[in-house]
Amino acid sequence: FTIANNGTKGSWGSATVSGGDVVVSNSVTLGSSSNCWGTLAMSGGTLEAGYISLGNLGVGNFAQSNGTVLSRGNLALGSTASGTGTLSVAGGETTIRGNVQVSSYGYGSLAVSGGTLAISNTLSFGQYTNSTAFGSFAGGTVLVKGTGSHDWGAKGVTQIAISGGT
């Protein structure tokens, strides 16, 4: 399941999940190639994937206001130097059974203002040199259950704002 994947010409795409079940055996990828922009808005229903990649080489934005998201693997935002990935959780329940990597090499932003984000392993921000990561926690619940805990600003630039939530 890929939105925006033709970097040679530049492409953009968007999708909305407002009900029902979307089950993907492999990945959900938004902004797979350079010069591509992918957007996913979720207001209800269920989205299940092997892993989720937002802004691999392009730009990927995922806004969740309700519903249930399950990634059986990792969630990556801004995976490469040209990638920009943004996840906004304002409601619903998001479960990541692997790691959440907010900007491995590119730009990543994670904002939680409502709902629940549960992570089974590591939550990391600004993982490698020249990465830029932002985190905003204004409400809702973030649970990092794994043995990996968290890793904020290991080598990149990281800014975290906490004004509410648990």
Side-chain angles (χ1 to χ4, degrees), residues 3-4 12-18 27-32 36-49 51-56 58-71 73-128 130-146 148-154 156-166:
I3 300 175
W12 64 271
S14 64
T16 300
V17 177
S18 58
S27 71
V28 169
T29 304
L30 310 178
S32 177
C36 293
W37 298 265
T39 301
L40 179 61
M42 184 166 186
S43 60
T46 300
L47 173 64
E48 180 178 341
Y51 66 93
I52 300 171
S53 176
L54 308 177
N56 182 35
V59 177
N61 297 309
F62 185 173
Q64 179 186 3
S65 61
N66 206 345
T68 302
V69 174
L70 170 62
S71 173
N74 294 338
L75 166 65
L77 302 109
S79 299
T80 67
S82 66
T84 297
T86 302
L87 173 63
S88 172
V89 179
E93 184 174 329
T94 301
T95 300
I96 309 300
R97 291 196 180 148
N99 300 311
V100 173
Q101 300 150 331
V102 182
S103 182
S104 292
Y105 291 98
Y107 171 88
S109 177
L110 172 63
V112 179
S113 60
T116 300
L117 172 60
I119 302 163
S120 295
N121 203 353
T122 301
L123 171 60
S124 63
F125 289 85
Q127 195 168 14
Y128 297 106
N130 298 324
S131 60
T132 303
F134 293 95
S136 173
F137 305 99
T141 301
V142 178
L143 303 169
V144 182
K145 304 177 195 177
S149 179
H150 65 277
D151 184 5
W152 295 2
V157 175
T158 299
Q159 181 178 0
I160 306 290
I162 301 172
S163 61
T166 55

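Residue numbers start at 1 and run along the sequence shown. Every heavy atom of this structure was used, including side-chain atoms; hydrogens, water molecules and symmetry mates were not.
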Quick one: does [X]'s side chain get under 4.5 Å of [Y]'s, heavy atoms only?
{"X": "Arg97", "Y": "Leu70", "answer": "yes"}
{"X": "Leu110", "Y": "Leu75", "answer": "no"}
{"X": "Phe125", "Y": "Leu77", "answer": "no"}
{"X": "Thr94", "Y": "Gln64", "answer": "yes"}

Would you say the ring centroid of Tyr107 lies under 6.0 angstrom from that of Phe134? yes

Take Ser124 and Gln101 through the test side-chain hydrogen bond (donor to acceptor under 3.5 Å, both in side chains) and record every step on the way to the result. CA-CA 5 Å; Ser124 63; Gln101 300 150 331; 5.5 Å; no

Examine distances only and state if a side-chain atom of Ser71 and a backbone atom of Asn74 form a donor-acceptor pair shorter than 3.5 Å. yes

Are a donor atom and an acceptor atom from the side chains of Thr16 and Ser18 found within less than 3.5 Å of each other? no

Gln127 and Ser104: side-chain donor and acceptor closer than 3.5 Å? yes

Let me see the working for Asn99 and Leu123 under side chain to side chain contact (heavy atoms under 4.5 Å, CB included), right down to the final yes or no. CA-CA 6 Å; Asn99 300 311; Leu123 171 60; over 6 Å; no

The criterion is ring-ring contact (aromatic ring centres under 6.0 Å, His included); which residues satisfy it with Phe137, sequence neighbours excluded? none

What is the distance from atom CD1 of Ile119 to atom CG of Asn121, rounded to the nearest 0.5 Å? 9.5 Å

